[in-house]
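Residue numbers start from 1 in every chain, and the chains themselves are labelled A, B, ... in the order their sequence lines are given, proteins ahead of strands. Given the structure is predicted, the values throughout are model-derived calculations rather than measurements.
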Amino acid sequence: DQQVKQNSPSLSVQEGRISILNCDYTNSMFDYFLWYKKYPAEGPTFLISISSIKDKNEDGRFTVFLNKSAKHLSLHIVPSQPGDSAVYFCAASAGGGSNYKLTFGKGTLLTVNP
Amino acid sequence: EAGVAQSPRYKIIEKRQSVAFWCNPISGHATLYWYQQILGQGPKLLIQFQNNGVVDDSQLPKDRFSAERLKGVDSTLKIQPAKLEDSAVYLCASSARRNYGYTFGSGTRLTVV
């Protein structure tokens, strides 16, 4: 049972345009959401996060939106750059402390074309 | 701040052989995780340690996988005997505070032939 779903395996956008990556979740107990970026032969790196008490969080070119009623979140990258080409993983957690563990989606390969 | 160190980076073994992976987390991070990432899938949690105690190993195939974290610092993950379906990248991660997420190591790519 996949609790975090990224239904688009890949996305291709032009440099300078907006990239929108989507993620859906099924577990109502999830209360913290993160996006990770992964380059080939490297481990995933933390990009941006959002708590369930918020509906938007911005960090430079990256914005994450959370729609709790729809159990949906999205990552917007504006403007997209060729260096953003990577696999993006959506992750979610329920609870903190020793219960803090992340459940990941399958990832979306983003390609930004010059 | 040094990152999460993992070794080896790559390993090729024959099925039924054994293999071990090593992880050194970020200094001071109490929580350590081992994840398995099969090609085309997201990382899947195998085991979670809090200091040197196991918090969650519900998805660890205990008939062949084992892990330990001695003295609450370094950790090793062992597979014995390996199967073809164990071919994956094994990622180690550590965390200090929830809102900073995990820090991952570069992973060990295991190929079982």
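- For CZ of Arg9(B), the number of neighbouring non-hydrogen atoms (other residues, nucleotides, ligands) closer than 6.0 Å is greater than 12.
- In this structure, no portion of Ala91(A) lies under 4.5 Å from any heavy atom of chain B.
- For Tyr10(B), the part sitting under 4.5 Å from any heavy atom of chain A is the side chain, from C-beta outward, and nothing else.
- By the 6.0 Å contact criterion, NZ on Lys62(B) is enclosed, its count of non-hydrogen atoms from other residues, nucleotides or ligands being greater than 12.
- Around CG of Leu39(B), the count of heavy atoms belonging to other residues, nucleotides or ligands within 6.0 Å does not exceed 12.
- Under the 4.5 Å side-chain criterion, counting only non-hydrogen atoms from C-beta, Leu102(A) is in contact with Tyr35(B).
- If you measure heavy-atom distances from Gln6(B) to chain A, you find no contacts under 4.5 Å at all.
- Heavy-atom contacts from other residues, nucleotides or ligands closer than 6.0 Å to NZ of Lys68(A) number more than 12.
- In this structure, Leu91(B) CG and Glu42(A) CD are separated by 12.0 Å, a value rounded to the nearest 0.5 Å.
- Cluster membership check: Phe65(A) does not share its hydrophobic cluster with Tyr25(A), using side-chain heavy-atom separations under 4.5 Å among Ile, Leu, Val, Met, Phe, Trp and Tyr.
- Nearest approach of Gln41(B) to Phe89(A), heavy atoms of both residues: O-CE2, 4.0 Å.
- When the side chains of ILVMFWY residues are joined at heavy-atom separations under 4.5 Å, either directly or via intervening members, Leu110(A) and Ile48(A) end up in a single hydrophobic cluster.
- To the nearest 0.5 Å, atoms NZ (Lys38(A)) and CD (Gln37(B)) are separated by 5.5 Å.
- With hydrophobic clusters built from ILVMFWY side chains whose heavy atoms lie under 4.5 angstrom apart, Tyr33(B) does not share a cluster with Phe65(B).
- Contacts between Arg109(B) and chain A at a heavy-atom distance below 4.5 Å are absent for every atom of the residue.
- Scanning both residues, Pro43(B) and Gly105(A), for their nearest heavy atoms gives CD-O, 4.4 Å.
- For the pair Tyr102(B) (side chain) and Pro44(A) (backbone), a donor-acceptor distance under 3.5 Å is absent.
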